[in-house]
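Note that these values count all heavy atoms, side chains included, but never hydrogens, waters or copies made by symmetry. Remember, predicted model here, so these are calculated numbers, not experimental data.
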Amino acid sequence: MTGAPPPAGSAAATGAPVLAVDGLDVHYGRRRRRRPALKGVTLSVARGETVGVIGETGSGKSTLARAVLGLVRASAGSITVGGEEVTGHGAGKWRALRRRGVVQYVFQDPLRSLDPDLTIADSLVEPLILAGVARAEALTRARAFLDRVRLAGDLLDRLPGELSGGQRQRVAVARALVTEPELVILDEPVSALDSANRVQVLEILKDLRATGVAIVMISHDLGSVAGIADRVAVLYRGELVEVGTAREVIDTPRHPYTRLLVSSAPTLHTAPADRAERDALRALLHA
Ligand SMILES: Nc1ncnc2c1ncn2[C@@H]1O[C@H](COP(=O)(O)OP(=O)(O)O)[C@@H](O)[C@H]1O
Ligand SMILES: [Mg+2]
């Protein structure tokens, strides 16, 4: 991090949360096909905080990420990013906000986060140049960031297709963080990785928290976020049904869906719920 004072209006300057989502509704489709994907979601992320957002497929996790990035419209509620109300922004203002690099995004599939025709060096330099950094300085920073994600500097001249899946995802993480954003949203960043790479990427994210970046990590797997998240938020059918510290959510889950998640992840606790309890919870949820 640089020693420069934070820009006026940034979360650091105002002490405001990096991200504040309040009463957010998002719908897909028009008229008779209109369906809610998020219903009254309220969640705030403090500066430097890591929040895990968990939920099953279709619960609205990616929609929440897309709404925060201005890629889908809110039909009600508000979103504040870095202290700035962004809900009413048009496409141009969203682009400008993304270009400033306040908030960055990592997809589940690293091939979507990286341009297959750009070398790793160019992939890392591009967001810095967009943010106004000179090329030589950008290259120096890119090289330093590769080290942070435990990749060797000789990868800089390669193309994404020449890297393993785990290496590519680490490059995608480096690309998102190289501009020193206030907030990074990672959408299922380890779901496509094998267990060795998964552990490595989770450890890197843990280390990167020390830079002061706030992290929103989306996962369908409570086990993947429990070790790194300060707080865990549980999405169920478009609604945020539970928010608490990872310990609270694991030890005293309140919503039946959270209880099911916890009991389905036996590594999280010493006394896994028995099968009968899991079946009862499933029956309750799908009633
Ligand atoms: N582009 C879209 N058009 C219509 N429906 C969508 C679209 N994207 C997602 N949905 C629907 O919105 C709901 C939430 O999806 P999503 O946010 O992708 O969930 P998750 O990331 O938790 O799997 C699902 O019911 C999904 O089918
Ligand atoms: Mg998703």
Side-chain angles (χ1 to χ4, degrees), residues 10-11 17-31 33-45 51-116 118 123 126-127 130-131 160 168-169 171-179 181-192 213-220 233 235 237-240:
S10 79
V18 174
L19 172 66
V21 175
D22 191 20
L24 178 68
D25 288 354
V26 173
H27 290 82
Y28 288 113
R30 283 165 189 273
R31 301 204 186 127
R33 303 189 71 84
R34 188 171 147 94
R35 296 274 182 281
L38 291 177
K39 294 177 268 188
V41 170
T42 296
L43 177 69
S44 82
V45 179
V51 174
V53 175
I54 55 170
E56 64 193 348
T57 300
S59 57
K61 305 180 300 295
S62 296
T63 301
L64 179 58
R66 282 186 221 123
V68 170
L69 286 143
L71 304 174
V72 294
R73 282 181 71 85
S75 40
S78 79
I79 301 172
T80 311
V81 174
E84 183 182 355
E85 165 75 49
V86 295
T87 326
H89 273 17
K93 267 189 116 174
W94 270 112
R95 264 198 303 280
L97 185 73
R98 286 196 291 267
R99 189 174 312 131
R100 281 202 346 249
V102 176
V103 46
Q104 297 284 8
Y105 192 31
V106 176
F107 291 98
Q108 170 171 351
D109 176 2
L111 288 175
R112 280 181 72 199
S113 297
L114 300 175
D115 182 332
L118 287 187
S123 270
E126 186 183 60
L130 274 176
R168 280 200 290 262
Q169 193 58 305
V171 171
V173 168
R175 177 179 153 87
L177 287 162
V178 72
T179 53
E182 294 185 34
L183 172 69
V184 61
I185 301 177
L186 301 111
D187 193 353
E188 309 237 19
V190 298
S191 301
V213 66
I215 297 174
V216 171
M217 177 161 157
I218 290 170
S219 180
H220 62 268
L235 260 183
R237 297 185 182 174
E239 290 181 68
L240 209 64

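- For the atom pair CD (Gln104) and CG (Leu69), the distance works out to 9.0 Å, reported to the nearest 0.5 Å.
- The ring-ring contact (aromatic ring centres under 6.0 Å, His included) pairs that include a residue from residues 72-98 are His89-Trp94, where partners are two or more places apart or lie in different chains.
- Here Leu130 contributes atom CG and Arg95 contributes atom CZ; the two are 12.0 Å apart, rounded to the nearest 0.5 Å.
- Ile215 CD1 to Leu177 CG: the interatomic distance, rounded to the nearest 0.5 Å, is 7.0 Å.
- Scanning both residues, Val102 and Pro181, for their nearest heavy atoms gives O-CB, 3.4 Å.
- A distance-only check finds no donor-acceptor pair linking the side chain of Lys61 to the backbone of Leu235 [under 3.5 Å].
- The shortest distance between side-chain heavy atoms of Leu64 and Leu24 falls below 4.5 Å.
- Contact of the Leu240 side chain with the Thr42 side chain is not registered, since no non-hydrogen atoms from C-beta on lie closer than 4.5 Å.
- Ile79 has its side chain within reach of Leu19: a pair of non-hydrogen atoms, C-beta onward, lies under 4.5 Å apart.
- With sequence neighbours excluded, the residues satisfying salt bridge (Lys or Arg N to Asp or Glu O under 4.0 Å) with Glu126 are Arg175.
- Not a single side chain to side chain contact (heavy atoms under 4.5 Å, CB included) links Ala192 to another residue, sequence neighbours left out.
- Contacts of Ser62 classified as side chain to side chain contact (heavy atoms under 4.5 Å, CB included), with partners at least two apart in sequence or in another chain: Arg66, Asp187.
- The heavy-atom pair separating Gly238 from Val41 by the smallest distance is O-CG2, 3.6 Å.
- Counting heavy atoms from C-beta outward, Ser219 and Val190 have side chains that stay 4.5 Å or more apart.
- Val72 places a side-chain heavy atom less than 4.5 Å from the side chain of Tyr28.
- With hydrogens and angles disregarded, a donor-acceptor distance shorter than 3.5 Å links the side chain of Asp25 to the backbone of Gly40.
- With sequence neighbours excluded, the residues forming a side chain to side chain donor-acceptor pair (under 3.5 Å) with Glu188 are Ser191, His220, listed by chain and number.
- Listed here is the closest heavy atom pair of Ile218 and Pro189: O-CD, 3.6 Å.
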Q | Leu97 and Glu84: CA distance, side-chain angles, deciding distance, side-chain contact (heavy atoms from CB on, under 4.5 Å) verdict | A | CA-CA 10 Å; Leu97 185 73; Glu84 183 182 355; 3.7 Å; yes
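- Sorted by first and then second residue, the side chain to side chain donor-acceptor pair (under 3.5 Å) pairs with a member in residues 67-82 read His27-Ser75; sequence neighbours excluded.
- For the side chain to side chain contact (heavy atoms under 4.5 Å, CB included) test, residues two or more places apart in sequence or in another chain that qualify with Ser113 are Val106, Phe107, Ala172.
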